[in-house]
Amino acid sequence: MTIRVIIVDDQAMVRAGFAALLSAQADIDVVGEAPDGRQGVAVARSTHPDVVLMDVRMPEMDGLAAAREILDPPPGVVHRPRVLMLTTFDIDDYVYEALRAGASGFLLKDAPPADLIAAVRVVASGEALLAPSVTRRLIADFVQQRPAPRKDPRLRLNGLTPRETEVLELIARGLSNQEIAGHLVLAEQTVKTHIGRVLAKLDLRDRAQAVIFAYEAGLVRPGDRG
């Protein structure tokens, strides 16, 4: 199945380079481009991509605002693509907010070409792009600096079984399904079942939101290591 992608970035050279790289892959089809967030939302609504590559800083509407509009569409708009944020280290705050808004992860704009291709495939498959350890550090840093949400997330932990809570903690520590299975001496398919139940019970979209929830609920704390 071909992965439909749009690229939203205010630098024409970046858009062209990414488009050429991704279009060369047999399983990826670049179906649109946009130079700012506002046009990016419009292109996403008209082309129905599977993945949106979204730059963070752009004129007219930045990537964070555009991601929010795409991921929380108005009534009548049913298509919600995955959003992969393109960023640099100096705007990490936006990355955190984008993950909270529902983005599936982030990628540094100077990442190797193979990483970009892999990231698109990972996000398109429904997974969150949380492999780099820097992601956990970013989330930890910014959760630490923010007041608690209006609704205490700790109360929502009460709906999880002890095993599900344990799985959520290991997700937040950055462990893969295979690593969680080894740690808990479970089959990997059983781990996937537990993760599905955790996401459903907590009304979370993917692992990215699960990590943020775990930090905000105090299940893990900044500086913790797996």
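- Every residue meeting the side chain to side chain contact (heavy atoms under 4.5 Å, CB included) condition with P73, not counting sequence neighbours, appears here in chain and number order: R45, V77, R80.
- Put simply, the side chain of V211 reaches to within 4.5 Å of the side chain of I171, judged on heavy atoms.
- The distance from atom CD of Q11 to atom CZ of R57, rounded to the nearest 0.5 Å, is 12.0 Å.
- Residues M54 and L86 have side chains not in contact (no heavy-atom distance under 4.5 Å, counting atoms from C-beta outward).
- Using a 4.5 Å heavy-atom threshold, the side chains of L53 and V120 count as touching.
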- prompt: Taking it one step at a time, do E166 and L184 satisfy side-chain contact (heavy atoms from CB on, under 4.5 Å)?
  reply: CA-CA 9 Å; E166 196 171 14; L184 299 179; 3.3 Å; yes
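- No side-chain heavy atom of S23 sits less than 4.5 Å from a side-chain heavy atom of I28.
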field: Check against side-chain contact (heavy atoms from CB on, under 4.5 Å), L168 and L219
entry: CA-CA 8 Å; L168 175 59; L219 189 61; 3.7 Å; yes
- request: Using the side-chain contact (heavy atoms from CB on, under 4.5 Å) rule, take L22 and I117 through it: C-alpha gap first, then chi angles, then the decisive distance, then the call.
  value: CA-CA 7 Å; L22 295 174; I117 296 166; 4.2 Å; yes
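- In this structure the side chain of I3 never reaches within 4.5 angstrom of the side chain of D29, judged on heavy atoms.
- For residues 2-58, the set of pairs meeting the ring-ring contact (aromatic ring centres under 6.0 Å, His included) definition, not counting sequence neighbours, comprises H48-H79.
- No salt bridge links R15 with D10; every basic N to acidic carboxylate O contact stays at or beyond 4.0 Å.
- A distance of 6.0 Å separates CG in L199 from CG in L204, rounded to the nearest 0.5 Å.
- For the pair R38/M58, no side-chain contact is recorded, criterion being any heavy-atom separation below 4.5 Å from C-beta on.
- Note that CG of L186 and CD1 of I180 are 9.5 Å apart. Values are rounded to the nearest 0.5 Å.
- Heavy-atom minimum distance, Q25 versus L21: NE2-O, 3.2 Å.
- In terms of heavy-atom proximity, S104 sits nearest to V123 at CB-CG1, 3.8 Å.
- In summary, R121 and D27 engage in a salt bridge, as defined by a charged side-chain N under 4.0 Å from a carboxylate O.
- Between L107 and D115, the shortest heavy-atom distance links the atoms CD1-O, 4.3 Å.
- Among residues two or more places apart in sequence or in another chain, the side chain to side chain contact (heavy atoms under 4.5 Å, CB included) test is passed with E164 by L160, T161, H194, R197, V198, K201.
- Minimum interatomic distance between A44 and P49 (heavy atoms only, all atoms of both residues): O-CD, 3.3 Å.
- Minimum interatomic distance between P59 and P35 (heavy atoms only, all atoms of both residues): CD-O, 4.2 Å.
- In this structure, the separation between OG1 on T193 and CZ on R163 is 13.0 Å, given to the nearest 0.5 Å.
- When all heavy atoms of A217 and L157 are compared, the closest pair comes out as CB-CD1, 3.7 Å.
- Atom-to-atom distance recorded for N177:CG and Q189:CD is 9.5 Å, nearest 0.5 angstrom.
- A distance of 8.5 Å separates CE in M61 from CG in D36, rounded to the nearest 0.5 Å.
- Between L71 and V83, some side-chain heavy-atom pair lies under the 4.5 Å cut-off.
- The side-chain heavy atoms of I195 and R207, taken from C-beta on, include a pair separated by under 4.5 Å.
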task: Take D50 and R82 through the test side-chain contact (heavy atoms from CB on, under 4.5 Å) and record every step on the way to the result.
output: CA-CA 6 Å; D50 299 303; R82 300 279 171 172; over 6 Å; no
